[in-house]
Amino acid sequence: MEEKIKAVLVEYSNLLFATEISQDLIQFQATRKDVEGDLTLLVFPFVKLMRCSPVEAGEKIANFIIEKIPEIKKCAVINGFLNIVFSDDYWFNQLKEIHQNEHFGFSKKDSKPMVMVEYSSPNTNKPLHLGHLRNIFLGHSVAEILKANGHEVIKTQVINDRGIHICKSMLAWEKFSPLNKNGERETPSNTNLKGDKLVGKYYVEFDKRYNAEAKEIISLWEKGNFEGFSSTISENYKKFQAALTGKDEKAQLAIHDKIKDLAKNETSLFREAKDMLIKWEARDPQTYLLWTTMNNWVYAGFDVTYKKMGVSFDKLYYESETFLLGKDQVIEGLKSGVFFKKEDGSVWIDLTSEGLDEKLVLRSDGTAVYMTQDIGTAIDRFNDYKHLSGMVYTVGNEQDYHFKVLFLILQKLGYSWAKNCFHLSYGMVDLPSGKMKSREGTVVDADDLMAEVVEKATELTKERGHLDGLSESDRNLLYERIGMGGLKYYLLKVDPKKRMLFNPEESVDLTGNTGPFIQYAHARICSLLKKGAVGKSMDILPFELQAEEKELVKCLALYPSIIDEAAENYSPALLANYLYELVKQFGHFYQTIPILIEVNQEAKLGRLILSTNVAKVIKSGLNLLGIEAPEKM
RNA sequence: GGUCCGCUAGCUCAGCUGGAUAGAGCAACGCCCUUCUAAGGCGAAGGUCUCAGGUUCGAAUCCUGAGCGGAUCACCA
């Protein structure tokens with residue numbers, strides 16, 4: 001409709017405005033709720049052209065479009081706003097179209113370029129936590145939204161399965177795991193622990209012992225005992241000590257951290273972990289066996305977690321297989337002058353002309369860093385998928401700088417797809433007590449949290465749900481869906497870019513702007529339809545729409561543009577907020593307009609069909625958020 | 001210190017490319033289940049959009065500066 005009005009105004013611009021006008025002058029906005037109208041045209045831009053008051057200008061335009069466009073019933077000019085009312089037929093036809101379109105809101109499948117969406121990408125040394133939940137739900141939902149928007153989508157992750165941090169948990173397990181009566185160390189099967197939890201336990205164990213050892217070393221240093229340490233160590237220590245005087249508390253803390261790092265590097269545990277990494281890189285069979293064994297425990301654990309989350313991946317990348325990939329690229333780039341070599345042999349890129357710094361891409365010993373690997377992985381992916389046009393990296397905003405550099409490097413290396421790489425940068429999740437810190441044990445475990453929300457949903461659903469006729473397993477499924485729906489919605493309704501607060505109490509809430517509230521509307525409609533005996537295939541007959549019904553159709557009609565917008569902005573939050581708006585509108589309609597007891601059969605059928613379509617959009621939208629829509633609750 | 005991000009009701013958040021009287025939820029208050037699921041609906045209350053300048057018919061939105069909070073600036077990932 002907007003397009004139609006635009007076209008008319010442009011076509012007859014000479015007549016109306018005595019000059020050609022550009023499309024940009026024609027601006028629409030939604031009509032205020034307390035004013036009659038379905039669409040509002042801003043008159044201000046034309047006032048100068050027409051050399052008259054906003055009211056006169058508006059009236060001129062109004063008379064004109066009423067004459068030219070039959071779907072416009074009437075217009076009213078208030079201040080500089082031209083409020084346009086569409087005919088009843090128009091809205092009825094909108095509803096009819098929505099009703100007949102089974103994939104309403106979705107673009108044609110695979111009509112847009114293929115994109116890869118990366119999310120999760122965990123380390124294999126500890127279990128998933130609340131931060132991962134935001135990442136995973138976000139990435140999964142964005143992938144679904146892009147699909148709905150017509151893209152072919154490949155879901156992926158790169159699993160950080162190697163490196164010093166992995167060796168730490170391996171070493172700790174080997175050194176510190178107690179033996180049971182059969183002489184075995186702890187395993188998932190003999191402890192009944194999830195694999196990721198068991199490995200995580202040893203990572204923590206390593207950290208504990210490691211810190212304790214570092215502390216001992218520092219106390220030696222404090223006494224001036226540097227026996228067995230190199231002279232550079234004692235010099236550095238003294239330098240840090242000297243720097244402490246006259247600094248504020250925050251700066252002092254930072255210096256203490258540096259001293260601690262210095263000591264940590266001197267611990268025997270760290271040396272052993274480093275030795276293990278060297279052995280691993282040399283593919284020492286025993287180390288490799290330990291590594292595969294422990295990683296497999298973790299994968300088994302992650303699988304359980306992912307299943308509960310309801311997410312999946314089409315293709316997995318492992319860091320152990322990709323970490324060397326970027327080296328050749330760096331050597332190529334060195335030849336072509338994109339990179340430069342320093343005296344010590346390390347390779348860098350100079351981004352100072354872009355307002356950034358110099359960045360290391362290869363260590364002096366020739367080994368790869370994170371950046372090297374990411375360059376290689378990106379190129380590898382585009383080789384794996386010949387039709388791939390772009391990539392979305394779901395990674396926290398603490399890595400904004402990294403991705404800025406990565407994309408610049410890829411561009412400089414001459415890859416045209418680099419401009420289609422997007423860092424879906426999301427904000428951290430805070431707790432009411434502040435930041436999550438593993439050191440302070442304030443990290444919220446993903447499995448625990450999911451179990452908690454489901455338990456809470458179970459309790460509340462038993463209190464107030466409509467469970468008759470549901471089997472035990474159906475009930476459990478329902479509790480699961482409500483609990484998880486609440487959690488997902490809670491994490492997705494906030495603009496991804498923004499840091500957010502996770503309030504445990506609010507996350508299990510069922511009232512207000514929550515997942516269960518939206519699910520509830522769906523269940524209500526399903527119950528209504530069952531009683532009204534309306535099938536999806538039923539034809540709609542003309543009936544006179546009430547104001548509440550028109551509002552609801554108006555809201556439904558927005559769905560396609562919401563999907564477009566959510567895809568364009570990589571923002572499930574836009575979709576979540578839309579669904580909430582739709583459900584509120586439905587609640588209003590449901591409360592004011594009789595449906596099943598309506599005597600006028602056309603109106604009754606029309607309202608039932610309207611409700612069917614609201615349910616259709618709710619279900620479709622929730623699914624794009626990764627949330628199930630129960631038919632009964 | 002350089003760079004980047006944020007600041008909207010007591011709390012958590014919406015507010016699209018500048019547009020009418022800045023909106024929701026939670027919390028607190030009042031009302032509505034002999035009509036379809038009260039996990040609901042309705043009403044009232046709650047604001048110097050951090051501050052100061054600027055751009056213009058018009059600024060929460062754009063620009064400049066300040067304040068506060070956060071992230072990042074590793075031969076870590």
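Per chain, numbering begins at 1; letters A, B, ... match sequence-line order.
Partners of A/F543 according to the ring pair (Phe, Tyr, Trp, His ring centres under 6.0 Å) rule, which considers only residues two or more places apart in sequence or in another chain, do not exist here.
Where stacking is scored as ring centres under 5.5 Å apart with planes under 30°, A/F81 registers as stacked on the base of B/rA20.
Relative orientation of the A/Y578 and A/Y559 rings is parallel, given thresholds of 30° and 60° on the angle between their planes. Taking the six-membered ring where the residue is Trp, A/Y393 and A/F403 present tilted rings, their angle falling between 30° and 60°.
Closest to the side chain of A/Q27, out of B/rG19, B/rC13, B/rA77, is B/rG19. Of the candidates B/rA20, B/rG25, B/rA14, B/rG25 carries the atom nearest the A/Y580 side chain, counting heavy atoms from C-beta on. The side chain of A/E319 lies closest to B/rA77, out of B/rG25, B/rA14, B/rA77.
For B/rC57, the paired nucleotide is B/rG19, the pair qualifying as Watson-Crick or G-U wobble because both relevant distances are below 3.5 Å.
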Sugar-phosphate or base contact per nucleotide [nucleotides 32-44 of chain B; S, B, -; heavy atom under 4.0 Å]: ---BBBSBBSS--
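As rounded to the nearest Å, B/rU61 and B/rG15 have C1' atoms that lie 9 Å from one another. Between B/rA28 and B/rU3, the distance separating the two C1' atoms is 44 Å to the nearest Å.
Among the heavy atoms of the strands lying under 4.0 Å from A/R499 are primed sugar atoms or P, OP1, OP2 only; no base atom is included.
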